[in-house]
2 protein chains.
Amino acid sequence: MAGLKSSKQRDAILRNLQGRYDHPTAETIYFDLKKDFPALSLATVYRNLKVLESEGLIIRIPGNDAEHYDGNFHNHYHLTCRHCKNIIDLEVNGEEVINALPADFDGEITSHSLMFFGLCPECAKH
Amino acid sequence: MAGLKSSKQRDAILRNLQGRYDHPTAETIYFDLKKDFPALSLATVYRNLKVLESEGLIIRIPGNDAEHYDGNFHNHYHLTCRHCKNIIDLEVNGEEVINALPADFDGEITSHSLMFFGLCPECAKH
DNA sequence: ATGATAGTGATAATCATTATCATTATTAAG
DNA sequence: CTTAATAATGATAATGATTATCACTATCAT
């Protein structure tokens, strides 16, 4: 990888993200890792989230307030619930999403992110 | 509409957004409307973009830096180009996107936004 | 071992977005 | 046509997430 040296902090951030199924913000990860790395700096978390994202190891989910991150993106289809404001994972047939693109599109697609808006099953019950 | 009074500024913001096919930020709209409303405040633009969005008249496209807005969303499928950083519209078969949802999903979907990442046709040519 | 360079922690700086507030515009009712 | 209620505005201060900076440390190829 182009000019990247390994770092315990970066590894820990990636492992943290891969070991959970919610979509934390930089700050959430920061407080979480403070237990293992008391000297950890918030700036380091932000820095490495950017690096990990550009390496394609995690994805960024733009939220209303802060950026959220996801380290388990075999599927990255999300629903933001307008009631409880949570961002939940959705199972989606990715094949069909790709097929929705016109055949003559001549750009280059490396990934995609499908975001649904509405109510999560929990809130839909009222 | 619940407790909304009409305002020239809000109308102008909506018309501006509907009359263009790029995806401007609040600031871009602000400078654009300054010509017609010299006294316009940036806060007014931000305020009304929020109102218009919650009324479902425009959509918000989270960008890398600032929020972008779109007033022509018969389709709201976008590609963010990793090279030129532009956000361009894509023609997409929305039917197939909806079909990608599992039949037994019991939440409620009101809208969706499909974002592709990669290179726009222009940048793909190098 | 060592030199080159990427990474870190601390903190200041940035800057998009919000909140506040006195004033003005809009609207419905008398 | 007043008037009272309240939403909207413009100006600006405040907020808060993200970045930049910098002195120092860790990593790694040679």
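Every value quoted in this text rests on a predicted model; they were computed, and no experiment measured them. Naming: A, B, ... by sequence-line order, numbering from 1 per chain.
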**Student:** Starting at CZ of A:R10, measure out to CG of A:L14 and round the result to the nearest 0.5 Å.
**Tutor:** 10.0 Å
**Student:** C:dT8 C1' sits how many Å from A:L4 CG, rounded?
**Tutor:** 15 Å
**Student:** Which nucleotide in the set C:dG7, D:dA11, C:dG9 lies at the smallest distance from any side-chain heavy atom of B:S41?
**Tutor:** D:dA11
**Student:** Of all the heavy-atom pairs spanning A:P24 and A:I29, show the shortest one and how long it is.
**Tutor:** CG-CG1, 3.8 Å
**Student:** Map B:K5 and B:A66 onto DNA chain C by nearest heavy atom, then report which one ends up closer to the 5' terminus.
**Tutor:** B:A66
**Student:** Rounding to a whole Å, what distance do you find between B:K8:NZ and C:dA25:P?
**Tutor:** 9 Å
**Student:** Could you state the atom-to-atom distance from OH of B:Y46 to C1' of C:dC15 in whole Å?
**Tutor:** 9 Å
**Student:** Taking all non-hydrogen atoms of both residues, which atom of A:I13 and which atom of A:T44 are closest, and how far apart?
**Tutor:** CD1-O, 4.1 Å
**Student:** Looking across every strand, which nucleic acid part, if any, lies under 4.0 Å from B:A43 by heavy atom: base, sugar-phosphate, or nothing?
**Tutor:** base
**Student:** Quick check for you: among D:dT18, C:dA16, C:dT26, whose closest atom lies nearest to any side-chain atom of B:E27?
**Tutor:** C:dA16
**Student:** Output the rounded distance in Å from CD (B:Q9) to P (C:dA25).
**Tutor:** 10 Å
**Student:** Looking at B:L42 and B:E27, what are the two nearest heavy atoms and their distance?
**Tutor:** CD1-CA, 4.2 Å
**Student:** Atom CD of A:E53 to atom C1' of D:dT18: distance rounded to whole Å?
**Tutor:** 13 Å
**Student:** Which residue lies toward the 5' end of DNA chain C, B:S6 or B:T25, if each is placed at its nearest nucleotide?
**Tutor:** B:T25
**Student:** Rounded to whole angstrom units, what separation is found between the OH atom of A:Y30 and the C1' atom of C:dT8?
**Tutor:** 13 Å
**Student:** Take the protein atom CZ of B:R60 and the nucleotide atom C1' of C:dA16, then report the distance between them rounded to whole Å.
**Tutor:** 13 Å
**Student:** May I ask you to decide whether A:D32 forms a salt bridge with A:R20, counting only side-chain N to carboxylate O separations under 4.0 Å?
**Tutor:** yes
**Student:** Would you kindly give the CG-to-P distance between A:D36 and C:dG9, to the nearest whole Å?
**Tutor:** 13 Å
**Student:** Picking from D:dG10, D:dT27, C:dT17, which would you name as closest to the side chain of B:L40?
**Tutor:** D:dG10
**Student:** Heavy atoms within less than 4.0 Å of DNA chain C: which residues of residues 10-19 of chain B have one? Give them sorted by number.
**Tutor:** none
**Student:** To the nearest 0.5 Å, how far apart are NZ in B:K50 and CD in B:E55?
**Tutor:** 14.0 Å
**Student:** Of the listed nucleotides (C:dT18, D:dA17, D:dT21), which one gets closest to any side-chain atom of A:R47?
**Tutor:** D:dT21
**Student:** Given the rule in the side-chain contact (heavy atoms from CB on, under 4.5 Å) test, do A:Q9 and A:L40 qualify, once you have shown the distances and angles that lead to the verdict?
**Tutor:** CA-CA 8 Å; A:Q9 290 89 338; A:L40 183 66; 3.8 Å; yes
**Student:** If only side-chain N and O atoms of A:S7 are considered, is one of them under 4.0 Å from the OP1 or OP2 phosphate oxygen of C:dA6?
**Tutor:** no
**Student:** To check you understand the geometry: which heavy-atom pair defines the closest contact between B:Y69 and B:I58, and what is its length?
**Tutor:** CD2-CD1, 3.6 Å
**Student:** Please round to 10 degrees the angle between the axis of the first five pairs and the axis of the last five pairs in the helix from C:dA1-D:dT30 to C:dG30-D:dC1.
**Tutor:** 40°
**Student:** Are more than 12 heavy atoms, taken from residues, nucleotides or ligands other than B:K34, located less than 6.0 Å from that residue's NZ atom?
**Tutor:** yes
**Student:** Take B:N48 and A:K50, find for each the nucleotide of DNA chain D with the closest heavy atom, and name the residue whose nucleotide sits nearer the 5' end.
**Tutor:** B:N48
**Student:** How close do B:D70 and B:L17 get, counting heavy atoms only, and between which atoms?
**Tutor:** C-CG, 4.3 Å
